[in-house]
There are 2 protein chains.
Amino acid sequence: MKNHKRTTIYDIAKKLNLNASSVSRALNNDSNISEVTKKLILDTARELNYKQNSLASNLRRGHNRTIGVIVPHINQNFFANVIAGIEEVTYKKGYSLIICQSNESYEREVDCVNTLINQHVNCIVISVSADFKEDTHLKSIVEHGIKLIQFDRVADNLDTYKVVNNNEQASMEAVSHMIKEGYKRIALLEGPQNLNIFRQRKSGYLAALKKHGIAVIPELIIENAWTKELGAAATRKLLSLTQPPDAIFASTSDFSALGVLEIATKMNIPVPETLGICGYSNEAFTEITSPAITTIDQHSITMGQTIANLYFDEAGSGTESLGNKVINIQPELIIRKSTSKCNV
Amino acid sequence: MKNHKRTTIYDIAKKLNLNASSVSRALNNDSNISEVTKKLILDTARELNYKQNSLASNLRRGHNRTIGVIVPHINQNFFANVIAGIEEVTYKKGYSLIICQSNESYEREVDCVNTLINQHVNCIVISVSADFKEDTHLKSIVEHGIKLIQFDRVADNLDTYKVVNNNEQASMEAVSHMIKEGYKRIALLEGPQNLNIFRQRKSGYLAALKKHGIAVIPELIIENAWTKELGAAATRKLLSLTQPPDAIFASTSDFSALGVLEIATKMNIPVPETLGICGYSNEAFTEITSPAITTIDQHSITMGQTIANLYFDEAGSGTESLGNKVINIQPELIIRKSTSKCNV
DNA sequence: CTGTTAGCGCTTTCAA
DNA sequence: TTGAAAGCGCTAACAG
């Protein structure tokens, strides 16, 4: 491997008694070259099994045709789908993707950013970690002339391109729906409040209650219940209250909602009759639990496509790196059995 | 963005009246430099917000510290987990990952391979597409001095590093388990036979029948039933036979098994009493269907870690690119309600 | 320990 | 239409 010698444009040039620049022109479809020599070069390139060295070409050109993506975990449905959406668009444009995961760690997130800056990617797409502390690393991206697009979990006070869900509205719709179904004491499982998305979802919950003249009961709001286990624990706690809730909005994730459902099933509490459940994210499994879980679809693939298109549209116009354009992807309330009290 | 000027080692050198090579040495922790100047350089680098240009450094060094991964779909549990496993190991070593998806298309797979060769990645990790036709592109990887590790879906007749599941044994165990539970007419939903994994799973099924002296009934073997919809259609067909099966082994995927379960539920056929169901992959949802689905865990994260470790171990020893070492990850039969006829 | 020099493979002026 | 030459930013061999 170490001593492997690959065919370069010089090899092709030498073989044809031409200059490397001509070879380069032929390979890059430049107009300043005759059809005859071009064909000759292309044929020889194939014959010699030539592959371009992107490292050299990008170094010379000063950019990379590569987009870096940083997500907390790639093996989570939502993020995997966003990436799939991005990839779909970038592939067509001949761009590659470098994907990094922060593992919800701020320190690793910073590392990832630095790696991508070093790699001279054209653009960094990021959804920040739950451990998010400050935004100097994000500013650094812009300072190095790299486009920055935040999505989903974004640093609010930083002016960049952002592609987000309207979390507040979606939560409000979900809670309103539950109220209309007749639920009166709706509990909230909330996520880490240092992340904007979880703050917004809480706002939506509060707004819905207010709109329908329902008082906020603090003991029905449980912090940091965003895994299945934490959701289950929260549910145990809530159901042991003297006045337990008649519905639980697991605003953090469907996994959390699944924890709720499991405890309810174990305790023989009928869902949706005695307890309504609503999750967040429309994970595949929500459709097939019994009862199926009401949830919110974030249109993750569309989100990915939008991100990629945003890059290409703005790149074309050659605008400044630090744009400030927020695109809202409308999430969608998926109503299923777990909150359908009326139709029982 | 275009005219953005980043700090280079020359900027640092000039500012300190030093030579670029000294700066390089300091930055790379070379021993041939005094602690004093090293500190000076490091401080100035920070002050000027210097980031290395990996393009240049890699071009010079001749390699990339990057591993390319090609999978059919990144938003499938199994692949996402393998990638997560790879990433976990490579991150610690300071390597980046370039991830591409072939979308089950042979043509795109070839494109991905070419991109990665151009990028001079150190290693390409691939699980071939269902559309797999020939292996010239894989050979080309090796010819260009790039390590090649195949996993899961591998081109059998090509000698490379391979990390695979023992699909045959796992299938055999699964089917044997069903036989022991008392199922006598076990149907097989099989996947595209141009992929080795599906051939192996079929072999395992056949071997189990043979071992237990059960005749193979061709009409119980259904081709290409590897999505939920195809699984459902196959089930309809199977259950309308004059002698329908009493169990279905969806060897292709849990999604297919889910299709089976849905039809059985719709037709009021008791699972596991009248119909046993076994899937493949241990997708998250198999645990929470009712009944929960028996399936096979592929230990995907371990698989990813193994792949990465294989690269680093073999790279260290400086062996030839075209090694031929097959590592078997033992899959695990997860027995659940859907095949537990005895305990009902 | 530090400086000088060359060159990785490519693109891109400028000349011819 | 082609060639010559310079240089992207870095590392590494060689001198001093």
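Chain naming here is simple, since letters A, B, ... match the order of the sequence lines and numbering starts at 1 in each.
- Counted by atom type alone, A:Lys38 and A:Asn29 present one or more donor-acceptor pairs between their side chains at under 3.5 Å.
- Scanning atom types as modelled, no donor and acceptor separated by under 3.5 angstrom connect the side chain of B:Arg60 and the base of C:dG9.
- Residue-to-nucleotide proximity on DNA chain C shows that, of B:Ala56 and B:Thr37, the 5′-proximal contact is made by B:Thr37.
- Regarding B:Gln119, its CD atom lies at a distance of 21 Å from the P atom of C:dC8, rounded to whole Å.
- As a whole-Å value, the separation of B:Glu35 CD from C:dC1 P is 8 Å.
- Separation of atoms CG (B:Asn64) and CG (B:Asn122) is listed at 6.0 Å; rounding is to 0.5 Å.
- Contacts of A:Asn58 with the nucleic acid, taken as non-hydrogen atoms under 4.0 Å apart, are absent.
- Comparing D:dC10, C:dC10, C:dT2 by their closest approach to the side chain of A:Tyr10 singles out C:dC10.
- Checking side-chain atoms of B:Ser140 against main-chain N and O of B:Thr136 turns up no donor-acceptor pair under 3.5 Å.
- Both B:Ala20 and A:Lys38 lie near DNA chain D, and the one whose nearest nucleotide falls closer to the 5' end is A:Lys38.
- Residue contacts for B:Asn17: at a heavy-atom cut-off of 4.0 Å it reaches the sugar-phosphate backbone alone, with no base atom in range.
- Using a distance-only test at 3.5 Å, with no hydrogens or angles considered, a donor-acceptor pair links the side chain of B:Asp11 to the main chain of B:Thr8.
- At the heavy-atom level, B:Ser34 lies under 4.0 Å from the strands shown only through sugar-phosphate atoms.
- Using a 4.0 Å heavy-atom criterion, one finds that A:Ser57 contacts the sugar-phosphate atoms exclusively.
- Rounding to whole angstrom units, CG of residue B:Asp11 and P of D:dG9 are separated by 9 Å.
- A:Ser24 comes within 4.0 angstrom of a nucleotide base, judged by non-hydrogen atoms across all strands.
- Counting non-hydrogen atoms under 4.0 angstrom, B:Ser21 reaches a base of the nucleic acid.
- The nearest whole Å value for the distance from the CD1 atom in B:Ile9 to the C1' atom in C:dT2 is 14 Å.
- Between the CG atom of B:Asn32 and the P atom of D:dT11 there is a distance of 15 Å, rounded to whole Å.
- Both B:Leu59 and B:Arg25 sit near DNA chain C, but only B:Arg25 has its closest nucleotide nearer the 5' end.
- For the pair A:Leu55 CG and D:dG9 P, the computed distance is 14 Å after rounding to whole Å.
- To the nearest angstrom, P of D:dC10 lies 8 Å from CG of B:Leu27.
- Aromatic pair B:Tyr161/B:Phe151: ring centres not closer than 6.0 Å.
- Of the N and O atoms on the side chains of B:Ser129 and B:Glu104, not one donor lies less than 3.5 Å from an acceptor on the other residue.
- Listed pair A:Asn19 / D:dA4 meets the phosphate criterion, a side-chain N or O lying under 4.0 Å from OP1 or OP2.
- The distance from atom CG of B:Leu18 to atom P of C:dC1 is 14 Å, rounded to the nearest whole Å.
- Between D:dG9, C:dT13, C:dT11, one nucleotide has an atom nearer to the side chain of B:Asn53 than all others, and that is D:dG9.
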